[in-house]
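First the structure, in the form of structure tokens, and then the observations on it.
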There are 2 protein chains.
Amino acid sequence: MIPHMPPEADTTVLAETFRLLGDPTRLRILFYCLEAPRSVGDIAESLQLSQSLVSHHLRLLRGARLVRGNRVSKQIFYELADKHVSDMLADMAHHVGEDY
Amino acid sequence: MIPHMPPEADTTVLAETFRLLGDPTRLRILFYCLEAPRSVGDIAESLQLSQSLVSHHLRLLRGARLVRGNRVSKQIFYELADKHVSDMLADMAHHVGEDY
DNA sequence: CAAACATATAAATACATATTCATATGTTGC
DNA sequence: GCAACATATGAATATGTATTTATATGTTTG
């Protein structure tokens, strides 16, 4: 089965997603939230990042529907938006380090 | 089975790959070469890009071992470097447009 | 409602990078 | 070796964006 090239509009959307995954800081945030929902403060402290920086990145990730946040009293816990996203990240994590 | 967070060095490598996939022009080039090996001139003409721009992008993709080129006389035909890369792109192409 | 806490936003800056234009390198046929 | 073709590279520019600093918004508790 020969794969078809997606139309230009779709490649643009896809590239936008890849672009967001293409920043080391954001990727670390995503992997950290992959294991469990994490509050902004937890992310910042655990990954040694400023609260502001984490919030900025989360906004971008939210905008692309890669993560979603649930408020629990004062804190907001972020997790990957859906199984589609988390599966993809998990796959990537598996592939890292494999020979090719 | 709970996925583990890859160490920071690995996320850096992975982010670098995602970053390269995160440019619309590069992504179009990759999808075009996914169907068949393509010469630089073919890519430039088909995707309406300058020869120089295509060459620049191919250099980056080569550097990350996402594509490889085979010279056939004057032309150089580029294809995805391995099944791992092409599978990932094909998967992504499938997922584009799906609900989530 | 005020104070304390958690998160978000705005502006500024520094840095990265996509694209263009010009030129160089490499390959083939005469 | 020279001309024609195909690809690669270098420098310059313009645009994008990650990070910081400072401040604002929202939430709970007394």
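FYI, side chains are in, hydrogens and waters are out, and symmetry mates aren't considered; it's all heavy atoms of this structure. Numbered from 1 within each chain, the chains take letters A, B, ... in sequence-line order.
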Let's test your reading of the model: under 3.5 Å, does the base of dT7(C) pair with the side chain of S52(A) as donor and acceptor? no
Nearest-Å distance for atom pair NZ/P, residues K74(A) and dA8(C): 15 Å
Please confirm whether the shortest side-chain N or O distance from H56(A) to OP1 or OP2 of dT17(D) is below 4.0 Å. no
Protein-nucleotide distance (I76(B), atom CD1; dC5(D), atom P), rounded to Å: 18 Å
Can you tell me which nucleotide in dT28(C), dA8(C), dT27(D) comes closest to the side chain of S73(B)? dT28(C)
On a plain distance test, is the side chain of S39(A) in donor-acceptor contact with the base of dT7(C) below 3.5 Å? no
Here the distance between atom C1' of dA8(C) and atom CG of L58(A), to the nearest Å, is 10 Å
Please work out if S55(A) contacts a base, only the sugar-phosphate, or nothing of the nucleic acid, heavy-atom cut-off 4.0 Å. base
L60(B), nearest nucleotide to its side chain (from dA18(C), dC5(C), dA8(C)): dA18(C)
Judged by nearest nucleotide, the residue sitting upstream toward the 5' end of DNA chain D, T25(A) or L53(B), is L53(B)
Is there a donor-acceptor contact under 3.5 Å from the side chain of R28(B) to the main chain of L47(B)? yes
5'-most by nearest nucleotide on DNA chain C - D23(B) or D42(A): D42(A)
Between R71(A) and dT28(D), does any side-chain N or O lie under 4.0 Å from OP1 or OP2? no
Got a second to check how far R38(A)'s CZ is from L58(A)'s CG, nearest 0.5 Å? 13.0 Å
Atom CD1 of I29(B) and atom C1' of dT19(C): how far apart are they, to the nearest Å? 12 Å
Between dA6(C) atom C1' and F77(A) atom CZ, what is the distance in whole Å? 11 Å
Test item: Q75(B) and V40(B) side chains (from C-beta on) under 4.5 Å apart, heavy atoms: no
Could you give the distance from CD (Q51(A)) to NE2 (H56(A)), rounded to the nearest 0.5 Å? 9.0 Å
I want to verify a distance call: between dT19(D), dT27(C), dA8(D), whose nearest atom is closest to the H57(A) side chain? dT19(D)
Interatomic distance, L20(A) CG vs dA18(D) C1' [rounded to whole Å]: 12 Å
Checking contacts here: which listed nucleotide (dT9(D), dA10(C), dT7(C)) is nearest the side-chain heavy atoms of R62(B)? dT9(D)
Y32(B)-D42(B) side chain donor-acceptor pair, cut-off 3.5 Å: yes
Non-hydrogen atoms of A15(A) and D23(B) that approach each other most closely: CB-C, 4.0 Å
Is the phosphate of dT17(C) approached by R19(B) (side-chain N or O, under 4.0 Å from OP1 or OP2)? yes
R28(A) CZ to dA18(D) C1', in whole Å, measures 14 Å
Heavy-atom donor-acceptor pair, Q51(B) side-chain to dA8(D) base, under 3.5 Å: yes
L61(A) has an atom CG; how far is it from atom P of dA18(D), in whole Å? 10 Å
Do any side-chain nitrogens or oxygens of R26(A) fall under 4.0 Å of OP1 or OP2 in dA18(D)? yes
Are any of Y78(A)'s side-chain N or O atoms less than 4.0 Å away from OP1 or OP2 of dA8(C)? yes
